[in-house]
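Worth saying up front: this structure is predicted, and the values here are computed from it rather than measured. Naming: A, B, ... by sequence-line order, numbering from 1 per chain.
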Amino acid sequence: MEMVSELRNILNDRQLEGVLQTEGPVLILAGAGSGKTRVLTHRIAYLMEEKHVAPWNIMAITFTNKAAREMRERVNRIAGVGAEAVWVSTFHSSCVRILRRFADRIGYGTNFSIYDTDDTKTVMKEVLKQLNIDTKKFKERMFLNEISNCKNELIGPEDYAGKVSANPSEKMKATVYREYQARLRANNAMDFDDLILNTVNLLRLDSEVLLYYQERLHYIMVDEYQDTNSAQFELVRLLSGARKNLCVVGDDDQSIYKFRGANIYNILNFERYFPEARVIRLEQNYRSKGNILKVANAVIQHNKGRKEKKLWTEKEAGQLPRFRQFDSAYEEAAFIASDIKKKERALEADYKDFAVLYRTNAQSRILEEKFMLENIPYKIVGGVNFYQRKEIKDILAYLKAIDNVRDDVAVRRILNVPKRGIGATTEGKIAEYALDNGLSFYEALEQAENNPQVLRAAKKIKSFVDFMEVLSSKLEYEGLTGLVRNILDETGYYSELLAEGTDEAKTRIENLDEFISKTSDYESCFRMEKEAEGETVDATKMLSGFLEEVSLIADIDSVEENDQYVVLMTLHSAKGLEFPCVYLSGLEDGLFPSFMSISSEDGGEEVEEERRLMYVGITRAMETLTMTAAKARMVRGETQYHAVSRFVKEIPKELIDGTLPTYDKSANFDSFSYDGGKREGYGSLAYGGVSGYGGGAQAMRSKRQPKETSAASYKKKLDTLVSKGMATKTEGLAYREGDQVRHKKFGVGVVQKIVDGGRDYEVTVAFETAGVRKMFAAFAKLEKL
DNA sequence: TTAAGTTAAGTTTTT
DNA sequence: CTTAACTTAA
């Protein structure tokens with residue numbers, strides 16, 4: 001029991017209880033920053049060292065690869081020898097691992113493909129086309145969401161069909177679900193939800209497999225339990241079996257994935273499922289300064305549906321969290337950038353100590369701009385995933401098609417990439433032929449010669465099929481990276497981009513190069529591992545392994561702790577992380593909480609979820625917290641005016657450095673401007689709709705003027721402005737044909753032609769750098785040199 | 001068949 | 001502002 005006394009030195013009583021209570025179901029309600037990962041890692045070490053549990057009998061499940069990796073590192077460090085054998089992974093990759101082994105028992109090939117959101121949308125489009133459903137009336141997304149919700153609740157297509165009413169729209173949904181699922185199965189593919197659902201189905205249907213895993217996994221731990229959905233709960237319930245050594249760690253106040261099917265009742269009702277469960281509360285926070293915690297508590301108290309708890313800390317109060325409101329989002333971003341720069345210069349913190357959090361990915365742009373301006377190193381997490389870029393998806397589609405020829409989505413994607421003269425018509429006919437004859441798309445391609453409908457394209461198809469054959473054969477001899485190089489060369493993909501020479505093409509090439517280095521990394525790791533185990537290298541396995549890893553990557557996974565940069569990310573991505581200095585930006589009603597949540601009719605549940613998100617954001621901060629808002633911000637190309645977020649108003653004044661603004665109907669907007677667009681005097685009415693009440697859901701909107709792009713939009717702009725009496729035909733121009741002039745954007749050029757176009761003169765100018773352009777004199781504001 | 005160009009529509013949040 | 005879907009010209 002030497003270890004226990006050692007543990008007593010580094011853990012508090014509650015944490016220690018969590019470590020020592022190894023048997024039976026345990027629910028650890030762990031507030032933010034209360035050291036839950038610490039408990040889990042020490043628990044694993046304790047199981048191994050004191051309880052002599054074999055490491056391969058222990059499983060720890062997290063949500064992201066990053067969290068898994070971190071836990072793995074900490075376990076290795078603390079538990080020492082043998083710790084590598086502890087099964088630490090995410091829900092999704094655990095399931096993939098199980099399914100890769102046993103999927104054949106539920107009618108899938110073990111080399112099944114994993115479809116991302118784009119792929120599922122493609123499948124859904126096909127389904128709706130086949131069923132003659134008008135996608136204008138019923139959106140793909142709607143069906144996909146419904147199906148996802150079903151899968152998260154373990155409702156299969158048959159269950160769904162059985163339970164829906166005679167209501168035609170419900171019946172249609174059931175048909176769509178069935179057809180969608182049939183397609184996935186035909187493609188030997190699973191979507192993200194299927195990974196969990198099918199694993200549960202497998203364990204339920206095949207007692208041999210169930211027993212196998214139950215005998216292997218004696219102790220199961222689940223991190224971020226508040227974000228599990230019903231299917232995930234059922235999965236761990238099944239796995240833990242009769243032993244019920246299931247330890248879940250979570251915080252109902254940090255449940256922020258309800259929209260994704262997370263079931264808060266998993267945590268609230270854990271004791272109902274397991275009456276014998278031990279419940280342990282961790283309420284001492286080791287992360288944040290006192291004042292930050294006070295703010296967090298003040299905000300979360302406004303939620304009704306929660307388990308009452310209050311975080312406390314022994315830390316000093318620290319600085320008061322700041323709140324600042326700015327006239328525009330530009331000023332907000334500029335403030336954040338310069339504030340960070342100031343602190344870094346003053347050596348108060350390194351760049352890696354800062355995080356800027358926001359509600360939506362779109363908000364990152366403006367921040368990025370200001371960070372570039374200030375020369376601050378930064379990293380944006382999220383947005384467009386590397387693996388979702390066109391060129392990467394293209395090359396991946398080749399690999400997927402080689403890995404699993406039944407993957408119709410992949411085969412169809414590359415059929416005409418690069419251009420082979422096989423167009424949409426031909427593709428449609430092949431698809432039809434495949435459907436009629438119960439073939440996969442690729443099989444239909446192989447039989448194109450027998451297909452009277454595609455006589456003309458048959459030759460081109462044949463060469464495509466031959467090409468794929470050749471490629472497939474390369475895998476074994478040239479390896480994964482060799483195959484990728486081959487694909488890029490032989491398809492001409494690379495040379496086409498090289499020839500294009502545009503900036504866009506260059507970034508594509510860079511991306512492809514990065515992709516190659518990723519495959520090559522994976523390949524050498526794979527080979528080394530196999531060599532160490534004395535196994536031969538199976539190139540097919542290597543390919544599937546690579547694709548699998550790639551398809552389960554999340555954006556947050558790429559964040560490295562030790563690199564010197566400020567991270568910018570959504571509040572969702574920030575869950576589980578901590579930073580000395582945190583900026584919460586865009587705290588505006590209508591943005592955060594979002595317009596959707598405010599206007600939702602569910603009795604405030606969605607706003608409560610947003611409030612939990614705010615709570616997550618606040619509790620990321622260790623030393624300082626800065627909250628900011630903007631009065632005006634561009635959203636989707638139009639300027640919106642928002643009131644300060646209700647969440648900010650929920651904080652007692654004395655806890656904030658900074659004042660909440662008072663709303664004045666005659667608020668003056670002359671202090672800011674936005675790019676190029678003429679304001680048409682909304683200044684005085686801007687706050688009319690938001691002042692007075694706390695809501696501000698109906699943020700005022702204003703149309704933005706079109707950007708100066710083409711002659712057509714000039715004309716439109718002119719029309720609008722002329723009709724409003726804001727622009728008139730220029731009376732006599734200051735320049736003539738042949739004169740040298742300067743344009744604000746295009747620089748210096750020579751006037752070639754001036755045509756009287758009625759309302760205005762149409763001027764043609766040959767610019768030195770921007771080429772020859774036609775423009776209207778009233779707008780071009782050309783300056784004679 | 002394809003490229004280019006125009007218009008309509010849309011957004012939380014993600015494994 | 002971006003993206004997808006549609007139209008038209010080559």
Side-chain angles (χ1 to χ4, degrees), chain A residues 61-68 89-96 114-118 120-122 125 135-136 139-141 145 148 151-152 190-196 224 227-229 231-232 255-262 357-363 365-366 381-385 387-388 390 416 418-427 456-457 460 551-557 569-575 586 590-600 606 609-610 612-614 616-617 633-639 674-675 677 703-704 706-707 709-713 716:
Chain A
I61 309 177
T62 62
F63 269 83
T64 63
N65 295 301
K66 180 172 157 47
S89 73
T90 66
F91 266 106
H92 293 271
S93 43
S94 311
C95 286
V96 171
I114 299 167
Y115 279 179
D116 67 14
T117 358
D118 287 340
T120 57
K121 201 175 161 195
T122 309
K125 262 186 209 159
T135 50
K136 287 242 166 64
K139 295 268 168 292
E140 294 107 349
R141 280 274 305 281
N145 282 338
S148 175
K151 289 181 176 177
N152 289 332
M190 301 189 194
D191 61 25
F192 285 133
D193 302 315
D194 280 336
L195 296 176
I196 316 284
E224 306 283 9
D227 291 324
T228 52
N229 58 40
Q232 287 162 333
S255 157
I256 53 173
Y257 283 108
K258 196 168 156 233
F259 73 93
R260 202 174 73 190
L357 310 181
Y358 37 78
R359 180 66 239 271
T360 65
N361 279 307
Q363 289 165 255
R365 270 203 110 90
I366 221 168
V381 177
V384 193
N385 188 316
Y387 294 100
Q388 285 174 340
K390 184 185 173 298
N416 202 27
K419 298 277 174 301
R420 300 185 171 91
I422 308 174
T425 324
T426 313
E427 189 194 328
R456 216 169 337 144
K460 295 172 188 161
S551 54
L552 295 176
I553 278 180
D555 296 307
I556 193 68
D557 296 339
M569 63 188 146
T570 63
L571 288 146
H572 281 90
S573 302
K575 195 190 64 170
L591 188 66
F592 186 33
S594 70
F595 180 76
M596 298 274 272
S597 67
I598 296 171
S599 46
S600 142
E606 283 194 39
E609 173 138 328
E610 301 262 316
R612 291 193 290 270
L613 198 52
M614 177 75 178
V616 167
R633 152 184 326 268
M634 287 277 244
V635 179
R636 292 218 297 267
E638 57 184 21
T639 304
Y674 40 96
D675 59 327
K703 279 270 176 256
R704 186 169 161 270
K707 243 188 160 180
T709 42
S710 64
S713 65
K716 244 189 241 163

Base, sugar-phosphate, or nothing: which does A:K258 touch, judged by heavy atoms less than 4.0 Å apart?
nothing
Rounding to an integer number of Å, can you tell me how far A:E638 CD sits from C:dT2 P?
15 Å
In whole Å, what is the span from the CG atom of A:N229 to the P atom of B:dT13?
20 Å
Select base, sugar-phosphate, or nothing to describe what A:N152 touches, counting heavy atoms under 4.0 Å on all strands.
nothing
Could you tell me whether the phosphate oxygens of B:dT13, OP1 or OP2, come under 4.0 Å of any side-chain nitrogen or oxygen in A:S594?
no
Using a cut-off of 4.0 Å on non-hydrogen atoms, how would the nucleic acid contact of A:E610 be classed: base, sugar-phosphate, or nothing?
base
Contact class for A:Y257 vs. all strands (heavy atom < 4.0 Å): base, sugar-phosphate, or nothing?
sugar-phosphate
Side-chain N or O of A:K419 closer than 4.0 Å to phosphate OP1/OP2 of B:dA3
yes
Students often get this wrong, so: under 4.0 angstrom with heavy atoms, is A:E224 touching a base, only sugar-phosphate, or nothing?
nothing
Parallel, tilted or perpendicular: rings of A:H92 and A:F192 (30°, 60°)
perpendicular
With a 4.0 Å cut-off on heavy atoms, is A:T426 in touch with a base, just the backbone sugar-phosphate, or nothing at all?
sugar-phosphate
Candidate nucleotides C:dT2, B:dT15, B:dT2, ranked by approach to the side chain of A:T64 - the nearest:
B:dT15
Using whole Å, what does the distance between atom P of nucleotide B:dT13 and atom CG of A:L613 come to?
11 Å
Taking any heavy-atom pair under 4.0 Å as a contact, classify A:T117: base, sugar-phosphate, or nothing.
nothing
Between the protein and nucleotides 9-11 of chain B, list every N/O to N/O distance that falls short of 3.5 Å.
{"residue": "B:dT11", "atom": "OP1", "partner": "A:R141", "partner atom": "NH1", "Å": "3.4"}

Before giving the answer on side chain to side chain contact (heavy atoms under 4.5 Å, CB included), spell out for A:K460 and A:T426 the whole-Å C-alpha distance, their side-chain angles and the decisive distance to 0.1 Å.
CA-CA 11 Å; A:K460 295 172 188 161; A:T426 313; over 6 Å; no
How does DNA chain C read in dot-bracket, base by base from 5' to 3', with Watson-Crick or G-U pairs under 3.5 Å and | used when the partner is on another strand?
||||||||||
Mind checking if A:F259 touches a base, just sugar-phosphate, or nothing, with heavy atoms under 4.0 Å?
base
